[in-house]
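In what follows, a single structure is set out as structure tokens and then discussed.
Remember, it's a predicted structure, so these values are computed and weren't measured experimentally. All heavy atoms count here, side chains included; hydrogens, waters and symmetry mates do not.
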Number of protein chains: 2
Amino acid sequence: MSITIQDIADLAKVSKGTVSRVINGAPGVGAETRKRILKLIEELDYQPNASAQSLASRRSYNIGVIIPHTGSYSMSTTYWPALLTAITEKAASQDYNVLLSTARSEQDVDSAYRSILKGKRVDGLIVGAEQFGEKQLAELLLKDFPFVMVGKSTTFSHYYVDVDNVGGARRMTEYLVSLGHRKITMLAGPEILPSVQSRVRGFQEAMTKAQLDPGRVVYTSYQTADAEKSTLQILKEDPPTALFVAAADLVLGVLEAARKLKIKIPDQLALVTFDDHPFYPYLSPSITAVKQPIYELGRAAVEMLFALMGKKETAKQKILPVEIIVRGSSQPDPPLVAQPLPTSG
Amino acid sequence: MSITIQDIADLAKVSKGTVSRVINGAPGVGAETRKRILKLIEELDYQPNASAQSLASRRSYNIGVIIPHTGSYSMSTTYWPALLTAITEKAASQDYNVLLSTARSEQDVDSAYRSILKGKRVDGLIVGAEQFGEKQLAELLLKDFPFVMVGKSTTFSHYYVDVDNVGGARRMTEYLVSLGHRKITMLAGPEILPSVQSRVRGFQEAMTKAQLDPGRVVYTSYQTADAEKSTLQILKEDPPTALFVAAADLVLGVLEAARKLKIKIPDQLALVTFDDHPFYPYLSPSITAVKQPIYELGRAAVEMLFALMGKKETAKQKILPVEIIVRGSSQPDPPLVAQPLPTSG
DNA sequence: GCTTTTTACTAAACTGGTTTCGTTTTTCCC
DNA sequence: GGGAAAAACGAAACCAGTTTAGTAAAAAGC
């Protein structure tokens, strides 16, 4: 079949152990011998069998990524593709591969967990915190298995990376206030999600500080249809002058609702969102958004995970700053080019 | 450490071999014994070590996915996220995991190939055909390693899944002709890519049939800046009445160019594209597009791969039909709701 | 009732590496 | 030049399963 370490050893007239040492760059091999073995490896294009390596060394050189996704829309969000790209590339730079699981249901999560983790297929795990089963998380913690959450969990205190949800929402709200808006409503995702809670908090902090009603928050699911329904309700019952859409997954529903009611943005309603998208500059009007550094988030997650895997020191959390990109949907006269907002005091 | 097959064997007072047979549902185990062992496995939550299993059985229960991506924009395309979701879910349904590699460069492809394939980390491979190194493809073929390409390759005749690029482009072009357009230009991606060639062919077939100039094709790279530059050139030098953008990666550049020249769509220029996007209905104007069944494409790729892996019969290629979604960018009076185009004759 | 076949199971070889331990050889130092 | 320390290597155990060959017991056949 394939060429094995034994073949190399035989040809080099050394033992398997010596070849193994060369492969792993371990000491205890003479310069001459090392060179001879490396040459053979090169010539025969030998590549160690990964399973055998994992079995013997107890390291798989794989990291697992479990991405929960609910709505069908999540695929058109740039969030997880960008995250995944970042994770894969960063992992590859350390000679690690990525084992991917998407999970639609609690059951998916459980089976992904069983197959990936207990089978020792991965050395560490990156999980989208939001909907990952708590039972499994608890078990991970208990076993002291290295894992990093993307996004903060409400129930578990553990290593995680996240963007500054509170600060981003606060600053965006302050920006709306600075434009003169007094009736501002936030359309948020499911209340149980930590990211939603943070964004709501940022919103409410800013509203309270401006002595405005912090109670103007409507929670909805991440289904486009629900987002649309909720928006219709908001706009009919108690229309605000500005609507803060707290997640990318809600945007399509909101746009659909606005279209149905023939509401002019930004004239009749200012619209801002959390999470940017390459298409936002081209929507009509272009959309003001809180831009998350998703790619950096993915890199940070991998860095943190590698630190944990290597038992190295690392901060328990890393919060990345966000940026506010002002476009047409929040101002009367849309400029052609987006302007980053100067940092609020 | 973890519980092993030996532990189960000891507790059940049988040999490892018997437990192994139970795990794999192999015959040669009495009903009583089988039940006893299954109960123990359940109770102790035993999960076989994947590396050991792979090593002994020569099957990894992983499939590899290598997705080449050039421009940074590819992340906002729904194409590969959707594909990946489909692949992962379909694979999971057969108890397979997905090992992911993204490849930016020829070198990436090579290292991904080495680590994934030669290390026997995967039992089969799905590759984005377009930019996968030809050298590696040839080696795969030579070794009779099961793999499926997503998208047709020009150089290799092998198993692949694809969408009907020729037919989609032809029908879209026919549609433009039916609207009365006579000067139609196609903005296509890099000429070497098979998908680009197919779309150009479909375009040219329709143009020739309508006795129009089939030479109105401009090739450009998938970089947004290049797409913009090419579009500006087209619109300045020999402006068509309709522009057929042949790939999602080009759309942003085209929109930017149109905006800069203050060209009114669809009044001054009809715009249609290949590959749909959830945001297209909300752009101004909404955009007419050829919609590809990406999710089905991913499923089909996995099905084909499993057939190859199991040495089962399967067609050498599967071409999925596309759909044309008519929206505002191609007609004077944009309707509120998109209309699927009746199949052309 | 005895042979033949089938079934249930064990023991051991095997997958392809890593790692430990011990031995030989070389280098270092006075 | 002789003893101690260090370096280079081999042999064998080990990782956790699968698979094969062989055996004992049970079932089937006549």
Side-chain angles (χ1 to χ4, degrees), chain A residues 1-38 40-41 44-62 95 114-123, chain B residues 1-38 40-41 44-62 95 114-123:
Chain A
M1 304 271 138
S2 281
I3 168 164
T4 72
I5 199 173
Q6 187 68 61
D7 300 331
I8 302 285
D10 292 348
L11 288 168
K13 302 208 191 307
V14 295
S15 73
K16 297 197 298 180
T18 302
V19 178
S20 175
R21 265 162 234 145
V22 171
I23 291 170
N24 297 293
V29 182
E32 276 302 303
T33 315
R34 186 179 297 273
K35 199 187 284 179
R36 193 168 77 245
I37 293 174
L38 282 175
L40 274 170
I41 290 179
L44 301 181
D45 195 22
Y46 163 72
Q47 190 80 6
N49 180 305
S51 305
Q53 270 186 318
S54 302
L55 179 59
S57 69
R58 281 83 182 257
R59 257 170 294 122
S60 68
Y61 286 99
N62 286 154
D95 288 320
R114 288 187 59 81
S115 114
I116 282 188
L117 257 192
K118 309 213 63 177
K120 301 230 164 55
R121 271 175 230 269
V122 300
D123 302 336
Chain B
M1 300 279 135
S2 280
I3 167 164
T4 70
I5 199 174
Q6 186 68 63
D7 301 331
I8 302 285
D10 292 349
L11 288 168
K13 302 210 191 305
V14 295
S15 73
K16 299 196 297 179
T18 302
V19 179
S20 175
R21 262 161 241 143
V22 171
I23 292 170
N24 297 296
V29 183
E32 278 301 305
T33 316
R34 187 179 297 271
K35 201 187 283 178
R36 193 168 77 245
I37 293 174
L38 282 175
L40 274 170
I41 290 179
L44 300 180
D45 194 22
Y46 163 73
Q47 190 81 6
N49 179 305
S51 305
Q53 267 187 321
S54 302
L55 180 58
S57 70
R58 276 85 178 245
R59 259 171 291 121
S60 68
Y61 286 99
N62 287 154
D95 289 320
R114 288 186 62 80
S115 111
I116 283 189
L117 257 191
K118 308 215 62 176
K120 303 228 162 52
R121 273 175 229 269
V122 300
D123 302 336

* Asked: Rounded to the nearest Å, what distance is computed from the CD1 atom of residue B:Ile5 to the P atom of nucleotide C:dT15?
  -> 18 Å
* Qualifying residues under side-chain hydrogen bond (donor to acceptor under 3.5 Å, both in side chains), relative to A:Ser60, sequence neighbours excluded -> A:Asp123
* To do: Figure out the CG/C1' separation between A:Asp7 and C:dG17, and round it to whole Å.
  => 13 Å
* Asked: Can you name the residues that form a ring-ring contact (aromatic ring centres under 6.0 Å, His included) with B:Tyr61, not counting sequence neighbours?
  -> B:Tyr96
* Asked: Does OP1 or OP2 of D:dG10 have a side-chain N or O of A:Ser15 closer than 4.0 Å?
  -> yes
* Structure fact -> Sequence neighbours excluded, the answer for side chain to side chain contact (heavy atoms under 4.5 Å, CB included) partners of B:Ser20 is B:Ile5, B:Asn24
* To do: For DNA chain D, determine which residues of residues 17-27 of chain B have any heavy atom closer than 4.0 angstrom to one of its atoms, and list them numerically.
  => B:Gly17, B:Ser20, B:Arg21, B:Asn24
* Residues in salt bridge (charged side-chain N to carboxylate O under 4.0 Å, His left out) with A:Asp45, at least two apart? -> B:Arg114, B:Lys118
* Rounded to whole angstroms, how far apart are CZ on A:Arg58 and C1' on C:dT18? -> 10 Å
* Output the residues of residues 44-56 of chain A in contact with DNA chain C, where contact means a heavy atom of the residue under 4.0 Å from an atom of the strand; sort by number or write none. => A:Tyr46, A:Pro48, A:Asn49, A:Ala52, A:Gln53, A:Leu55, A:Ala56
* To do: Find the distance B:Ile37:CD1 to C:dC9:C1' and express it as a whole number of Å.
  => 10 Å
For residues 6-13 of chain A, which side-chain donor-acceptor pairs fall under 3.5 Å, sequence neighbours excluded?
| residue | atom | partner | partner atom | Å |
| --- | --- | --- | --- | --- |
| A:Gln6 | NE2 | A:Asp10 | OD1 | 3.0 |
| A:Asp7 | OD2 | A:Thr4 | N | 2.9 |

* To do: Nearest-nucleotide wise, let me know which of B:Arg34 and B:Ser57 is further upstream toward the 5' end of DNA chain C.
  => B:Arg34
* Is B:Asn62 close to B:Ile116 at the side-chain level, that is, under 4.5 Å between some pair of heavy atoms? -> no
* To do: Grab the NZ-C1' distance between B:Lys16 and D:dC14 for me, whole Å please.
  => 11 Å
* Asked: What is the distance from CD of B:Glu32 to P of D:dA25, rounded to the nearest Å?
  -> 19 Å
* Asked: Over how many whole Å does the gap from B:Arg36 atom CZ to C:dA8 atom P extend?
  -> 13 Å
* Considering residues at least two apart in sequence or located in another chain, which fulfil the side chain to side chain contact (heavy atoms under 4.5 Å, CB included) criterion with A:Ala50? -> B:Arg121
* At under 4.0 Å between heavy atoms, what does A:Lys13 touch on the DNA or RNA strands: base, sugar-phosphate, or nothing? -> sugar-phosphate
* What residues form a side chain to side chain contact (heavy atoms under 4.5 Å, CB included) with A:Thr18, not counting sequence neighbours? -> A:Val14, A:Ser15, A:Arg21, A:Val29, A:Thr33, A:Ile37
* Asked: Taking atom P of D:dA16 as reference, at what distance in whole Å does atom OH of B:Tyr61 sit?
  -> 20 Å
* Asked: Quick one: is B:Thr33 getting a side-chain N or O under 4.0 Å of the C:dC9 phosphate, OP1 or OP2?
  -> yes
* To do: First locate atom OG of A:Ser51, then atom NZ of B:Lys120, and finally report the distance between them rounded to the nearest 0.5 Å.
  => 9.0 Å
